[in-house]
Number of protein chains: 2
Amino acid sequence: MTANPQIPDPAGLLARPALAVQVADVLRGLILEGELKGGEKIRERELTERFGVSRTPLREAMKILASEGLIDLIPNRGAVVARRSDAELADAFPVLAALEGIAGRQAAERASDAEIAEIARLTGALRDAVGAGDRPLYFEINQKIHAAILAASRNEMLARTHATVAGQIHRARYQANLTRSRWEKALAEHERIAEALAARDGAALGTLLHDHMMAKLTAILEARRSGAAG
Amino acid sequence: MTANPQIPDPAGLLARPALAVQVADVLRGLILEGELKGGEKIRERELTERFGVSRTPLREAMKILASEGLIDLIPNRGAVVARRSDAELADAFPVLAALEGIAGRQAAERASDAEIAEIARLTGALRDAVGAGDRPLYFEINQKIHAAILAASRNEMLARTHATVAGQIHRARYQANLTRSRWEKALAEHERIAEALAARDGAALGTLLHDHMMAKLTAILEARRSGAAG
DNA sequence: GAATTGAATTCTGAATTCATAATTCCTGTC
DNA sequence: GACAGGAATTATGAATTCAGAATTCAATTC
């Protein structure tokens, strides 16, 4: 008999995740995909009908997303999809850059050879996407590379933290209507990143990833300034 | 008429936070204060009676804390207070160190003179606490200094991210049964931190805070290794 | 015709109820 | 006496219900 009652073995063999967690995942997807836009009000009734669940798990899911910063809860008035100001974006990127920096340093130490090869392959595909002028494909591969580096860092806490911060500025990253010159610079940065990883040079990789992210911020803010607000 | 239904002005003048959020705050406090220990099972019934609320807001609160990583939800078996392994601690500290590093860099730029003076004052109090051999006081002031630097960085996203990561390893930080020599080294580090802030030397402050945090990790892991596990 | 007040409707907040899964304890058997 | 099986109890998951706040719309007055 333990004095502290404990769960012996989470196992999770056939344990289905709670409905609220599933709903949160779907809702998060809707927000990240842009189907629910920033500033938009969230109607409980509408979503319960859409998902076919009652209000209880939906409201629990909304609490989860609010704690992630994806939506804002306003007492007695429901929830709205969070809208990030330029100032908040500018604040978030140094945080993301620092997180990617550590990810790079740890990935250089911990990545398997297979992971390094995969990232090299993705970088090649990125070059092809730039050559073909395919922006959606570029964004997709770009995201895969960053996710692969995060995974290769073998740091669960880092990955979770990164995902939370990145989620809050996710949509902004696709607003960067990048110019050809910025696009090619970004590709060059990615190729140096792949090289540093292949050489397992953690310090260089960390710095490259950090600077890459900060350059992205500059590009996004410029794009926001030139293109009129949405 | 907006196509996107929007909340005109959150205002929040007399808007009380939702009961679930209040419950989450209290529960978080219980976990951080150590009243609910790692691995301990959370009984809904017990807590609803203690807080005088129904299960609904309590369950919403538990979803919030789970998304913060403070508790683990096990489907159909309730929740347990998360227990962090040494490996997870070792993963968390580089993340925290990086976050404090940016905090330092931004605080050097953005802190008001009053904030700098306050941190200098707290550092003096820290020296007194070391002189008096008062460890609880030392921990308290130490935490206030780090919080003050975070606040001075004027970066809400950074503060929130830091709080989330720090919360998950909070209790471990007080396990560091620090030796006299480590204690005095930490104090010296704090005095250099205060100096760098006074000089508004962001690069130095960032590095000092980063290294300070990593040194703390080393001390904690050593303390855990020598002292038997709890 | 515009503005303000008040009633009706709609939505959110929280408690309660119902269903289902897990744990515990007892009984019977080997 | 120990182990296996099963019933009873207890806890969790989710839907429903009830209460209260906010929004909307209409009516009245200036």
Side-chain angles (χ1 to χ4, degrees), chain A residues 1-27 36 39-67 70-82, chain B residues 1-27 36 39-67 70-82:
Chain A
M1 302 296 163
T2 54
N4 284 7
Q6 294 184 2
I7 299 272
D9 182 24
L13 292 174
L14 54 137
R16 260 169 293 284
L19 187 53
V21 175
Q22 296 180 51
V23 170
D25 289 343
V26 175
L27 239 184
L36 290 173
E40 193 165 346
K41 191 175 175 182
I42 291 177
R43 267 181 269 272
E44 287 185 8
R45 196 154 184 276
E46 185 181 316
L47 291 178
T48 55
E49 286 169 5
R50 176 167 182 175
F51 297 152
V53 300
S54 77
R55 285 178 57 219
T56 304
L58 175 65
R59 295 181 80 259
E60 290 177 348
M62 280 165 49
K63 293 288 189 302
I64 293 174
L65 298 185
S67 81
L70 252 59
I71 66 179
D72 293 325
L73 297 177
I74 298 150
N76 299 321
R77 293 205 210 171
V80 293
V81 179
Chain B
M1 324 299 157
T2 54
N4 285 6
Q6 293 185 2
I7 300 268
D9 182 23
L13 291 175
L14 54 139
R16 260 170 292 285
L19 188 53
V21 174
Q22 295 180 51
V23 170
D25 289 343
V26 175
L27 240 184
L36 290 173
E40 192 165 346
K41 192 174 174 183
I42 291 176
R43 267 182 269 272
E44 287 185 9
R45 196 154 185 277
E46 186 181 315
L47 291 177
T48 55
E49 286 170 6
R50 175 166 182 174
F51 297 152
V53 301
S54 77
R55 285 178 56 220
T56 304
L58 176 66
R59 286 168 51 69
E60 290 177 349
M62 281 165 48
K63 294 287 188 300
I64 294 174
L65 297 185
S67 82
L70 251 59
I71 66 178
D72 293 324
L73 296 177
I74 299 151
N76 299 322
R77 290 203 212 174
V80 293
V81 179

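Only this structure's heavy atoms are used, side chains among them; waters, hydrogens and symmetry mates stay out. Each chain gets a letter, A, B and so on, in the order its sequence line appears, and its residues count up from 1.
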message: Using the side-chain heavy atoms of B:S54, tell me which of these nucleotides is nearest: C:dT16, C:dG13, D:dA14.
response: C:dT16
query: To the nearest angstrom, how far is A:R77 atom CZ from D:dA22 atom C1'?
result: 8 Å
task: Send over the distance from A:E44 CD to D:dT16 P, rounded to a whole Å.
output: 15 Å
field: Straight-line distance of A:R59 CZ to A:M62 CE, nearest 0.5 Å
entry: 6.5 Å
statement: Between CD1 of A:I74 and P of D:dA21 the distance, given in whole Å, is 18 Å
- prompt: Quick one: CD1 on A:I42 to CG on A:L65, what's the gap to the nearest 0.5 Å?
  reply: 7.5 Å
- request: Report the C-alpha distance between A:V26 and A:Q22 in whole Å, list the side-chain angles of each, state the deciding distance to 0.1 Å, and finish with yes or no for side chain to side chain contact (heavy atoms under 4.5 Å, CB included).
  value: CA-CA 6 Å; A:V26 175; A:Q22 296 180 51; 5.7 Å; no
- request: Starting from P on C:dT12, measure out to CD on A:E46 and report it in whole angstrom.
  value: 10 Å
- prompt: Nearest of C:dA21, D:dA14, C:dT16 to any side-chain atom of B:N76?
  reply: C:dA21
message: Could you tell me how far apart B:L73 (CG) and D:dT12 (P) are, to the nearest whole angstrom?
response: 11 Å
- request: Between C:dA15, D:dA15, C:dA14, spot the one nearest the side chain of B:V53, thanks.
  value: C:dA15
message: Could you tell me how far apart A:I42 (CD1) and C:dG13 (P) are, to the nearest whole angstrom?
response: 12 Å
- prompt: Across the strands shown, which category fits A:R45 at heavy-atom distances under 4.0 angstrom: base, sugar-phosphate, nothing?
  reply: sugar-phosphate
message: Counting only side-chain nitrogens and oxygens, does B:T56 get under 4.0 Å of the OP1 or OP2 atom of C:dA14?
response: no
task: May I ask you to test the A:L58-A:L27 pair for a side-chain heavy-atom distance under 4.5 Å?
output: yes
- prompt: In whole Å, what is the span from the CG atom of B:L47 to the C1' atom of D:dT10?
  reply: 16 Å
task: May I have the distance from B:R55 (atom CZ) to D:dA14 (atom C1'), rounded to whole angstrom?
output: 9 Å
